[in-house]
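Structure record follows, encoded as structure tokens.
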Amino acid sequence: MSHGAGLVRTTCSSGSAPGAGAGAGPLGVSSLENLLDPIYPRTHGAILKVAQMVTLLIAFICVRTSLWTSYSAYSYFEVVTICNLIMILAFYLVHLFRLYRLLTCISWPLSELLHYLIGTLLLLIASIVAASESYRQSGLVAGAIFGFLATFLCLASVWLSYKISCVTQSTDAA
């Protein structure tokens, strides 16, 4: 008797009829039609992600085109804004192209939550440092303001997506 490693296959239900697109193959027309989610770009989460990407890009451009007063503060701000922008774009594309169905080994809600928590904290720190080192230069002040706006949008995304709340449970003493 062999007790080697076995293969575990997990599947996600899409709500469609079973066997839809069964003969189309991995790159068939049916699988490509099911790959793109036409409704996702109109959801609140997608619109919030686009708003976050736009504000992060504006913050990056404002700081990048300004005369810096502190190299380390603004290079940190640039790294944080671009990394957040790339990660939010990656999560947007994962939801848009339904890649979460193909990559089932990753817990996408948990990874997105962790990204938003860590990224929001780093963005808040970077925005505070950028605001304190701006010395009234308009481009740097604008970059810091857009950094704070992106921080607020990231917090709103965490709040709306995961509905963090403190609920007390009642115990019945019967």
Side-chain angles (χ1 to χ4, degrees), residues 8-21 24 26-64 74 76-131 141-169:
V8 177
R9 185 179 306 261
T10 60
T11 59
C12 294
S13 173
S14 64
S16 61
L27 294 176
V29 176
S30 296
S31 65
L32 286 178
E33 288 174 356
N34 290 332
L35 187 65
L36 182 65
D37 188 359
I39 297 173
Y40 179 71
R42 294 186 295 260
T43 63
H44 294 294
I47 294 170
L48 201 52
K49 280 182 179 53
V50 170
Q52 292 165 4
M53 288 187 285
V54 168
T55 55
L56 285 169
L57 184 62
I58 292 171
F60 176 80
I61 290 172
C62 286
V63 169
R64 187 67 183 167
Y74 290 107
Y76 173 71
F77 184 83
E78 283 185 342
V79 167
V80 169
T81 55
I82 287 300
C83 287
N84 269 332
L85 177 68
I86 290 170
M87 288 304 297
I88 292 169
L89 178 63
F91 284 118
Y92 182 82
L93 294 176
V94 162
H95 289 291
L96 181 66
F97 291 109
R98 297 179 183 169
L99 296 177
Y100 54 86
R101 291 182 179 178
L102 301 174
L103 301 170
T104 57
C105 60
I106 299 172
S107 173
W108 290 105
L110 179 62
S111 61
E112 194 168 356
L113 175 68
L114 289 175
H115 161 259
Y116 273 119
L117 291 177
I118 295 168
T120 302
L121 179 65
L122 291 175
L123 188 59
L124 178 64
I125 293 169
S127 298
I128 291 170
V129 170
V141 172
I145 289 172
F146 277 104
F148 284 120
L149 181 61
T151 302
F152 173 75
L153 290 173
C154 288
L155 283 174
S157 182
V158 168
W159 181 262
L160 294 176
S161 296
Y162 302 101
K163 297 190 179 37
I164 299 171
S165 62
C166 297
V167 178
T168 58
Q169 294 180 351

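Residues take their numbers from the sequence shown, with the count starting at 1.
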- request: May I ask you to decide if Glu78's main-chain N or O and Thr81's side chain share a donor-acceptor pair within less than 3.5 Å?
  value: yes
task: Enter the distance from Phe77:CZ to Leu122:CG here, rounded to the nearest 0.5 Å.
output: 12.5 Å
- prompt: Distance from His95 atom NE2 to Ile39 atom CD1, nearest 0.5 Å?
  reply: 15.0 Å
- request: Find the distance between CG (Leu123) and OG1 (Thr55) and round it off to the nearest 0.5 Å.
  value: 8.0 Å
field: For Phe97, ring pair (Phe, Tyr, Trp, His ring centres under 6.0 Å) partners two or more places apart
entry: none
- request: For Tyr74 and Arg64, indicate whether the former's side chain and the latter's backbone hold a donor-acceptor pair under 3.5 Å.
  value: no
Less than 3.5 Å apart, which donor and acceptor atoms pair up between the side chains of residues 148-155 and the rest of the protein, not counting sequence neighbours?
residue, atom, partner, partner atom, Å
Thr151, OG1, Gly147, O, 2.8

- line: Rounded to the nearest 0.5 angstrom, the CD1-CD1 distance for Ile145 and Ile58 is 12.5 Å
side-chain contact (heavy atoms from CB on, under 4.5 Å) involving Leu57 - partner list, sequence neighbours excluded: Ile61, Leu85
query: Tell me, do Met53 and Leu56 make a side-chain contact under 4.5 Å, heavy atoms counted?
result: no
task: Heavy atoms only: give me the nearest Leu48-Ala156 pair and the separation to one decimal.
output: CD2-C, 3.9 Å
message: Please find the pair of heavy atoms, one from Gly143 and one from Val63, that lie closest to each other, and give the distance.
response: CA-CG2, 3.9 Å
- line: side-chain contact (heavy atoms from CB on, under 4.5 Å) filter on Leu102, not counting sequence neighbours, yields Leu35, Leu99
Hey, can you pull the donor-acceptor pairs under 3.5 Å for the side chains in residues 113-121, sequence neighbours left out?
residue, atom, partner, partner atom, Å
His115, NE2, Asn84, OD1, 3.4
Tyr116, OH, Gln52, OE1, 2.9
Thr120, OG1, Tyr116, O, 2.5

query: Shortest non-hydrogen contact from Ser111 to Ile106?
result: OG-CG2, 4.1 Å
statement: Residues passing the ring pair (Phe, Tyr, Trp, His ring centres under 6.0 Å) test with Phe60, sequence neighbours excluded, are none
task: On the 0 to 90° scale, with breaks at 30° and 60°, tag the Phe91-Trp108 ring pair as parallel, tilted or perpendicular.
output: perpendicular
